[in-house]
Amino acid sequence: MYMFSVVQNHLFEKNYIFGIIVFFAINIVLTLYYWISDTKNKNKRAVSFYFFVLVFGTLSVIIESINSIKSKNLVKQKISIYALVLCLVLTAVSSYAKSVYNNYVVFEQNVVTEESVKKYYDRQGVEYNSLNDVLYYTEDGGEFKYDNKEDTFVVVSQTNSYVKSVENKFPYIDKNGWLVFCDDYLEFNKGNGDFGYFDKTKNEYYASAECARWKDNGEMYFDY
């Protein structure tokens, strides 16, 4: 439960920070718009006005629009109308961006939550919290871990010359769940199911080693 709380708080903070970034991005655009429009139309405003827009954004645009209508200044009215339109466009774009980001955050939370509670097992039924920690065994006593970043099997226990000489060989799993290494890449035959890799030199069928998984009772299955 504590782990779930930490994950949720972390993702909430990311969402909150994203919202702040979007908010000030809109305000910066509005401030630049007013400054450029005023410069173009030779309007003079106090620095405090631009600061107000930068801090309060949409609220300042609404207040300025009301003041422009009351003053009946046609130039300022025109600037305010365009500012309101710009506000609507920026709000729509930001709402879409937030929606996309929220979907990403929810997806990330589901992935993190799933990974945090999912258990993995090796051929002997030993439990692991991470797939990267699962041990793969060779029949002659070797132990390996799969490095998904490097897409290779890393030696954990070197017990004989066979285990020491697996570099540049191709890893597979036999029907007994043992990790085996072949000198050449084996073509896959879908007709033979998971064990569709045939090694002519050994007259044996193998399966994909990196896709091999085990249940807590040591039963093997595959996750493609």
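Predicted model only: the values in this text are computed from it and were never measured. Side chains are part of it too, since the values below use all heavy atoms of this structure and drop only hydrogens, waters and symmetry mates.
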- Note on the structure: The complete set of side-chain hydrogen bond (donor to acceptor under 3.5 Å, both in side chains) pairs with one or both residues in residues 22-34, sequence neighbours excluded, reads none

- Does the side chain of Phe198 reach to within under 4.5 Å of the side chain of Asn203, using non-hydrogen atoms? yes

- Query: Does the side chain of Lys145 reach to within under 4.5 Å of the side chain of Leu135, using non-hydrogen atoms?
  - Reply: yes

- Message: What verdict does the side-chain contact (heavy atoms from CB on, under 4.5 Å) test give for Met220 and Asn176, after you've listed the backbone C-alpha separation in whole Å, the side-chain angles of each residue and the deciding distance to 0.1 Å?
- Response: CA-CA 9 Å; Met220 185 168 54; Asn176 295 316; over 6 Å; no

- Message: Checking the side chain of Asp122 only, and the main-chain atoms of Gln124 only, is there a donor and an acceptor separated by less than 3.5 Å?
- Response: yes

- Query: Nearest 0.5 Å, what's the OG-CG distance between Ser60 and Leu54?
  - Reply: 9.0 Å

- Quick check: are there more than 12 heavy atoms from other residues, nucleotides or ligands sitting under 6.0 Å from CZ of Phe23? yes

- Euclidean distance, Tyr137 OH relative to Glu143 CD, rounded to 0.5 Å: 5.5 Å

- Query: Does one hydrophobic cluster hold both Ile36 and Phe49, with members joined at side-chain heavy-atom distances below 4.5 Å?
  - Reply: yes

- How is the hydrophobic cluster of Leu88 composed, in terms of its other members, when Ile, Leu, Val, Met, Phe, Trp and Tyr link through side-chain heavy atoms under 4.5 Å apart, directly or indirectly? none

- Phe181 and Pro171: which non-hydrogen atoms are nearest, and at how many Å? CE2-CB, 3.7 Å

- ILVMFWY network linking Tyr82 to Trp35, side-chain heavy atoms under 4.5 angstrom: yes

- Under the side-chain hydrogen bond (donor to acceptor under 3.5 Å, both in side chains) rule, what pairs show up with a residue in residues 177-188, not counting sequence neighbours? Lys169-Asp183

- Task: Determine whether Val126 and Val134 fall in the same hydrophobic cluster, where Ile, Leu, Val, Met, Phe, Trp and Tyr are linked whenever their side-chain heavy atoms lie under 4.5 Å apart.
- Result: yes

- With rounding to the nearest 0.5 Å, note down the distance linking CD1 in Ile63 to OG in Ser80. 12.0 Å

- Message: Taking Leu59 as the starting point, is it possible to reach Val55 by hopping between hydrophobic residues whose side chains are less than 4.5 Å apart?
- Response: yes

- Decide yes or no on side-chain contact (heavy atoms from CB on, under 4.5 Å) for Ser37 and Ile79, but give the supporting numbers first. CA-CA 7 Å; Ser37 296; Ile79 293 175; 4.0 Å; yes

- Message: Is any side-chain heavy atom of Ser94 closer than 4.5 Å to one of Ile26?
- Response: yes

- Message: Going by salt bridge (charged side-chain N to carboxylate O under 4.0 Å, His left out), name the pairs with one or both residues in residues 83-95, residues two or more places apart or in two chains.
- Response: none

- Quick one: closest heavy-atom pair of Leu186 and Tyr197, and the distance? O-CD2, 3.1 Å

- Closest non-hydrogen atom pair, Ser208 against Ile173: O-CG1, 4.4 Å

- Query: Say you draw a straight line from CG of Leu84 to OG1 of Thr58; how long is it, rounded to the nearest 0.5 Å?
  - Reply: 9.5 Å

- Note on the structure: residues 21-45 vs salt bridge (charged side-chain N to carboxylate O under 4.0 Å, His left out), sequence neighbours excluded, gives Asp38-Arg45, Arg45-Glu64

- Message: Are Phe56 and Phe51 linked, directly or through intermediate hydrophobic residues, by side-chain heavy-atom contacts shorter than 4.5 Å (ILVMFWY only)?
- Response: yes

- Query: Going through the distances and angles, do Cys182 and Tyr206 end up as a side-chain contact (heavy atoms from CB on, under 4.5 Å)?
  - Reply: CA-CA 10 Å; Cys182 298; Tyr206 300 123; 3.9 Å; yes

- Query: Between Phe144 and Tyr136, is the gap from one ring center to the other below 6.0 Å?
  - Reply: no

- Got a second to check how far Asn132's CG is from Tyr120's OH, nearest 0.5 Å? 9.0 Å

- Query: What residues form a ring pair (Phe, Tyr, Trp, His ring centres under 6.0 Å) with Phe222, not counting sequence neighbours?
  - Reply: Phe195

- Rounding to 0.5 Å, atoms OH (Tyr121) and CG (Asp216) come to a distance of 4.5 Å

- Query: Centres of the Tyr172 and Tyr205 rings: under 6.0 Å?
  - Reply: no

- Query: What are the two closest heavy atoms between Leu179 and Phe153, and how far apart are they?
  - Reply: CD2-CD2, 4.0 Å

- Say whether, by atom type as modelled, one donor and one acceptor occur between the side chain of Ser95 and the main chain of Thr91 under 3.5 angstrom. yes

- Task: Please check if any side-chain donor atom of Lys119 sits under 3.5 Å from a side-chain acceptor atom of Asn129, or the reverse.
- Result: yes

- Tightest non-hydrogen contact, residues Leu30 and Ala83, listed as CD2-O, 4.3 Å

- Please step through side-chain contact (heavy atoms from CB on, under 4.5 Å) for the pair Lys215 and Tyr221, ending with a clear verdict. CA-CA 8 Å; Lys215 299 179 181 179; Tyr221 69 97; 3.9 Å; yes

- Task: Report yes if some heavy atom in the side chain of Val61 is under 4.5 Å from a heavy atom in the side chain of Leu86; otherwise report no.
- Result: no

